[in-house]
Amino acid sequence: MHDIRLLRDQMAHLREGMRRRGKLEELTPLLDRAEALEKERRDSIRVAEEAQAERNRISQDVAKRRRAGEDADALMAEGRAIGERIAALETRRQAVESEVSDILLQLPNLTLEEVTEGGEEANRVVRTWGTTREGDVGIAPHWEVGERLGVLDLPRGAKIAGSGFIVYRGGGARLVRALMNFMLDLHVEEHGYEELWVPLLVNRATLTGTGQLPKFEEDMYAVPSDDLFLIPTAEVPVTNLYRDEILEPGDMPRAFVAFSACFRREAGSAGKDTRGLLRVHEFDKVELVRYATPETSRAELELLTSHAETVLQRLELPYRVLQLAAGDTGFSSAMTYDLEVFAPGVGKWLEVSSCSVFTDFQARRANIRYRAATGEKPRFVHTLNGSALAFSRIIAALLEQHQQPDGSVRVPAALQPYLGRDTLR
RNA sequence: GGACAGGUGGCUGAGCGGUUGAAAGCACCGGUCUCGAAAACCGGCAUACCGGCAACGGUAUCGAGAGUUCGAAUCUCUCCCUGUCCGCCA
């Protein structure tokens, strides 16, 4: 969410930001409306507050007369009339304010200067790592090798829950557990993150804080009887950890890592990438979240991304890093790197991580602040997050990239102590 | 799920429906005293928004929301949270 003050004194800047995302034409009516409403909002505040001040004066007079034993009926009648006027003004003011904030919630974040303009086609590969097995013949897609090795049981997953719900078994089940421990240990012990274990069910206030609500309610699994939702990512509970709080000097920066299952209805993507593990309703993920100061957040994006990359390197999976163009950058993000790993069995680059800096866009919405020094005014933190990493696509990539001619799968050295074996066969 | 008891400023804790933004204490900041410190004393000390160059003025906020009233921290209702006891349960 943007600062409402932008509507007052930085309209040109705001319009330019929308243009860079390729959204100016679409959003111009909203921007114009918001600019006018903000003016009306301030006018209506002034008028309503003047009426309230008068009512307060009258009430004081009533009290004074009462104490003096004088008659106050006329004043009370006047107060009643003003009360009605105030109610009307308040109603109007609330309508204006809620329309402004509705619009504000629909405007995407401003991307950083260095983010290139344009849509998906303007995404830039900033670096690659490792050698892909693109073109190697005879590499089976992960669902085939997974079923053959007995590590995946897709039909039974579909039976007990539905398509897009996975049963891992034997070495596959242990692989999930191994990935969890491997990634958490790496980030805690080598990268300095605080480990968290968080609820998978969260309330509306939390989802509103990170922006899933009110706009994306349809994308989530819900428990209506208790008004709770299954989290689509650990970003939601973790970023909200300090919602409505002020961090004191010395509490910054913060770095959190959490494992969680993630639940996505994928309502709009039926029929796309439905085979195997590429797009599922429930998957596991280790998520990194950082609270930074405005001065360091840009540099922390590089740091966070490098932490996610380390996981891929240790798993010996070739990958590339994409810097997303403004038009492809997510709604709340100011700058995003996507990490894509190559899966030779399906012949595709798979997105396994998205590392973003949100500037103060999320923090304003979730009201997460910090004090740089004792006595100073609180400022909004800058939030960052990135997956490190999402399991199901990583498992797909492992089953394909490390597939041997005999159909077995080599386990990368970093994972062997966690998995207790060097080959899945 | 049931029964009680609560939710007031950074903390503790007062608060008859009418100068209560809110007593008092602690903490914190400044000053006096002191070689310095402690103690003592004096003063200051919430946030947000609106208007104003500013001084300052105004409005709102006592868990959240709605209501009663000329006027609500104080009365009514709904919800949320915390504590204790009971029930149920991995």
Side-chain angles (χ1 to χ4, degrees), chain A residues 1-10 34-104 197-209 213-214 222-230 237 240-252 261 360 363-381:
Chain A
M1 188 168 69
H2 292 288
D3 189 338
I4 197 166
R5 277 172 290 203
L6 292 186
L7 297 176
R8 234 181 286 171
D9 43 33
Q10 302 212 42
E35 189 175 16
L37 280 168
E38 163 56 13
K39 174 129 182 31
E40 186 178 350
R41 184 184 75 93
R42 276 180 296 150
D43 288 345
S44 65
I45 286 174
R46 211 189 59 247
V47 174
E49 288 189 351
E50 279 166 6
Q52 289 177 97
E54 191 179 348
R55 181 189 56 190
N56 289 346
R57 271 194 302 276
I58 289 171
S59 294
Q60 301 285 352
D61 283 351
V62 170
K64 229 177 284 172
R65 281 177 167 264
R66 279 272 179 91
R67 263 196 301 272
E70 296 171 36
D71 171 74
D73 286 357
L75 275 178
M76 281 163 67
E78 201 180 331
R80 204 172 357 243
I82 287 178
E84 279 160 25
R85 221 173 84 221
I86 289 171
L89 288 167
E90 272 304 308
T91 305
R92 176 64 195 147
R93 176 180 151 182
Q94 277 172 19
V96 171
E97 285 192 339
S98 83
E99 195 181 341
V100 176
S101 66
D102 275 359
I103 292 176
L104 240 30
W197 192 275
V198 292
L200 302 180
L201 286 167
V202 296
N203 58 33
R204 276 180 189 276
T206 294
L207 286 160
T208 307
L213 289 180
V223 184
S225 56
D226 295 285
D227 207 24
L228 295 172
F229 297 83
L230 284 151
N240 274 282
L241 201 63
Y242 286 88
R243 169 160 52 83
D244 294 324
E245 294 193 43
I246 298 172
L247 293 152
E248 292 305 322
D251 286 345
M252 292 282 285
D360 61 3
R364 177 169 294 108
R365 195 170 170 131
N367 193 25
I368 306 164
R369 292 174 293 171
Y370 76 102
R371 236 187 277 277
T374 313
E376 271 191 28
K377 288 189 77 154
R379 302 156 78 195
F380 289 112
V381 304

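Side-chain atoms are counted along with the backbone in the values below, which use heavy atoms only and exclude waters and symmetry mates. Protein chains get the first letters and strands the later ones, always in sequence-line order, with residue 1 at the start of each.
Put simply, CD1 on Ile86(A) is 14 Å from P on rU68(B), counting in whole angstrom units. Atom-to-atom, NZ of Lys64(A) to P of rG71(B) comes out at 18 Å; the value is rounded to the nearest Å. In this structure, Arg371(A) atom CZ and rC28(B) atom P are separated by 16 Å, rounded to whole Å. To the nearest angstrom, P of rU69(B) lies 18 Å from CG of Leu75(A). Atoms CG (Asp73(A)) and P (rG71(B)) sit 15 Å apart, rounded to a whole Å. Rounding to whole angstrom units, CD of residue Gln60(A) and C1' of rU69(B) are separated by 15 Å. Remark: C1' of rA64(B) and CG of Asn203(A) are 14 Å apart, rounded to the nearest angstrom. In this structure, Arg369(A) atom CZ and rU47(B) atom C1' are separated by 8 Å, rounded to whole Å.
Here, rC16(B) and rU12(B) have their C1' atoms 24 Å apart, quoted to the whole Å. Straight-line distance between the P atoms of rC45(B) and rC50(B): roughly 23 Å, to the nearest whole Å. With both ends at atom P, the span from rG63(B) to rC89(B) equals 37 Å, rounded to whole Å. Between rG7(B) and rG44(B), the distance separating the two P atoms is 30 Å to the nearest Å. Atom name C1', nucleotides rG31(B) and rA54(B): the rounded distance is 27 Å, in whole Å. Taking the C1' atoms as reference points, rU74(B) lies 11 Å from rU8(B), given to the whole Å. Atom name C1', nucleotides rG1(B) and rG10(B): the rounded distance is 38 Å, in whole Å. Using atom C1' as the reference point in both rC86(B) and rG17(B), the two lie 38 Å apart (nearest Å).
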Reading 5' to 3' through nucleotides 49-61 of chain B, protein heavy-atom contacts under 4.0 Å coded B for base, S for sugar-phosphate only, - for none:
-SS------BBS-
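The residue Arg67(A) sits close only to the backbone: its heavy atoms come under 4.0 Å of sugar-phosphate atoms, none of a base.
Considering all non-hydrogen atoms of both residues, Ile368(A) and Arg243(A) come closest at CG1-CA, 3.9 Å. Closest approach of Ala48(A) and Leu89(A) over heavy atoms only: CA-CD1, 3.9 Å. Considering every non-hydrogen atom in both Phe380(A) and Tyr370(A), the closest pair reads O-CE2, 3.6 Å. Residues Ala222(A) and Pro224(A) come closest through the heavy atom pair O-CD, 3.4 Å.
A distance of 9.0 Å separates CD in Glu97(A) from CD in Glu38(A), rounded to the nearest 0.5 Å. Distance CD/Glu78(A) to CG/Asp73(A): 13.0 Å, rounded to 0.5 Å. In this structure, CD1 in Ile82(A) is found 9.5 Å from CG in Leu75(A), a value given to the nearest 0.5 Å.
In summary, Asp43(A) and Lys39(A) engage in a salt bridge, as defined by a charged side-chain N under 4.0 Å from a carboxylate O. At a threshold of 4.0 Å, the pair Arg80(A)-Glu84(A) does not count as salt-bridged, since none of the basic side-chain nitrogens sits closer than that to a carboxylate oxygen.
Each of Met76(A) and Pro378(A) was matched to the nucleotide of RNA chain B holding its nearest heavy atom; the match closer to the 5' end belongs to Pro378(A).
With a cut-off of 3.5 Å on both pairing distances, the Watson-Crick and G-U wobble pairs of RNA chain B assemble into stems of 3 or more at B:1-7 with B:80-86, B:10-12 with B:24-26, B:28-32 with B:40-44, B:46-51 with B:56-61, B:63-67 with B:75-79.
With hydrogens and angles left out, the side-chain atoms of Ser59(A) and Asn56(A) include no donor and acceptor closer than 3.5 Å.
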